[in-house]
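Notes follow the structure.
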Amino acid sequence: MLNKYARGLFAAIFKPLAQLLVRWGVSPDLVTLVGTLGVVAGALIWYPLGQLFWGTVVITIFVFSDIVDGLMARQMQRKGPWGAFVDSSLDRLGDSSVFVGLVIWFFLGGNNPAIAILALSCLVLSSLVSYSKARAEGLGLTANVGIAERSERLVVVLVATGLVGLGIPSVVLLIVLVLLAIASIVTIVQRVLVVRNQALAVEGQE
């Protein structure tokens with residue numbers, strides 16, 4: 001849903017920056033790499049130090065590189081498989097680092113094993129959500145369904161984490177992670193059913 005309604009707005013906002021970087025000869029792959037490193041730094045440096053708000057600020061700033069590199073690639077007509085592979089792979093690294101940072105902090109300094117375990121569960125489930133789509137596409141099928149796609153997962157966990165960093169009770173993050181885990185499970189089931197229907201239809205045509 002966020003992809004549908006918000007991506008166009010942010011694309012318009014960041015289009016001038018993308019055009020400027022293209023004029024400077026910057027590669028979209030470089031933007032992708034720098035953005036991922038920024039997300040990883042915010043998650044694995046600030047979060048384990050207990051700086052949840054500032055870590056979220058850093059992550060949010062660099063997350064927008066995902067929009068900028070896409071705009072650059074389209075402007076340069078570089079929409080080949082290599083760019084898509086790099087972008088998707090580094091997205092998984094960045095997203096995973098967010099949950100890993102939360103796991104580290106809440107198991108150690110944050111002293112909240114319940115949130116740490118839930119963050120770890122969301123990490124595993126998010127990986128399965130992404131894998132189910134990638135595997136379906138690898139088989140020539142599609143799995144573009146689900147109530148907890150990447151954008152939704154990232155936004156809700158970052159908002160909740162940032163608010164906890166500002167002083168609201170950590171139970172808010174706990175509740176958000178519970179809901180995110182449930183939504184991820186539902187998404188996995190949705191994608192399994194969609195892929196199953198497509199697979200059966202293909203088999204019926206053979």
Side-chain angles (χ1 to χ4, degrees), residues 2-3 29-70 84-135 146-188 191:
L2 288 175
N3 277 333
D29 289 344
L30 178 60
V31 173
T32 303
L33 178 60
V34 171
T36 301
L37 292 176
V39 171
V40 171
L44 299 185
I45 296 177
W46 274 269
Y47 279 3
L49 292 175
Q51 299 294 325
L52 300 184
F53 174 74
W54 290 112
T56 298
V57 170
V58 172
I59 292 168
T60 301
I61 291 172
F62 283 99
V63 156
F64 288 116
S65 66
D66 190 47
I67 294 176
V68 175
D69 62 14
F85 172 78
V86 170
D87 188 61
S88 179
S89 298
L90 292 181
D91 281 349
R92 300 291 84 72
L93 175 61
D95 294 355
S96 297
S97 69
V98 172
F99 291 108
V100 170
L102 292 176
V103 170
I104 293 172
W105 168 245
F106 284 105
F107 262 136
L108 300 177
N111 194 29
N112 195 323
I115 291 181
I117 292 171
L118 281 168
L120 183 59
S121 300
C122 287
L123 169 62
V124 174
L125 291 169
S126 294
S127 297
L128 288 173
V129 169
S130 299
Y131 177 79
S132 62
K133 181 177 180 179
R135 183 55 178 156
I147 61 173
E149 297 190 10
R150 178 179 180 255
S151 297
E152 285 82 353
R153 297 196 306 269
L154 198 56
V155 167
V156 296
V157 74
L158 288 178
V159 169
T161 301
L163 290 175
V164 170
L166 287 176
I168 71 167
S170 58
V171 68
V172 171
L173 179 57
L174 186 147
I175 293 172
V176 166
L177 291 174
V178 169
L179 295 176
L180 182 59
I182 294 172
S184 296
I185 292 172
V186 171
T187 298
I188 293 169
R191 292 185 172 181

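Computed from a predicted structure; not experimentally measured.
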Kindly give the heavy-atom pair with the smallest separation between S184 and L125, and that separation in Å.
CB-CB, 3.8 Å

Rounded to the nearest 0.5 Å, how far does CG of L177 lie from CD1 of I182?
11.0 Å

Mind checking what makes side-chain contact (heavy atoms from CB on, under 4.5 Å) contact with I45, not counting sequence neighbours?
A41, L49

Any donor and acceptor pair, going by atom type alone, linking the side chain of S89 with main-chain N or O of V86 inside 3.5 Å?
no

Under the side-chain contact (heavy atoms from CB on, under 4.5 Å) test, residues paired with L179 that sit two or more places apart:
I175

Can you list everything that forms a side-chain contact (heavy atoms from CB on, under 4.5 Å) with V40? Sequence neighbours excluded, please.
T36, L44, L93, S97

Side chain to side chain donor-acceptor pair (under 3.5 Å) involving S126 - partner list, sequence neighbours excluded
R153

Partner set under side-chain contact (heavy atoms from CB on, under 4.5 Å) for I168, not counting sequence neighbours
L163, V164, V172

Return each pair, listed once, that meets salt bridge (charged side-chain N to carboxylate O under 4.0 Å, His left out) where at least one residue sits in residues 95-115; pairs must be two or more places apart or across chains.
R92-D95, D95-R150

Just how far is it from atom CD1 of I185 to atom CG of L180, taken to the nearest 0.5 Å?
10.0 Å

Those residues that, when tested against R135, pass salt bridge (Lys or Arg N to Asp or Glu O under 4.0 Å) (two or more places apart):
none

Using distance only, find each side-chain donor-acceptor pair of residues 99-120 under 3.5 Å and give its atom names and separation, not counting sequence neighbours.
{"residue": "N112", "atom": "OD1", "partner": "A114", "partner atom": "N", "Å": "3.4"}
{"residue": "N112", "atom": "OD1", "partner": "I115", "partner atom": "N", "Å": "3.3"}

Check A181 against C122 and note the closest heavy-atom contact, atom names and distance.
N-SG, 3.9 Å

Separation between CG (L90) and CG (L33), nearest 0.5 Å, reads 6.5 Å

Residue list, side chain to side chain donor-acceptor pair (under 3.5 Å) with D29, at least two apart or on another chain:
W82

Nearest heavy-atom neighbours spanning A160 and L173:
CB-CD1, 3.8 Å

I59 side, atom CD1; L154 side, atom CG - distance, nearest 0.5 Å:
8.0 Å

Hits for side chain to side chain donor-acceptor pair (under 3.5 Å) against S65, two or more places apart or cross-chain, chain-then-number order -> none

Which pairs with one or both residues in residues 43-62 pass side chain to side chain donor-acceptor pair (under 3.5 Å), sequence neighbours excluded?
Y47-T56

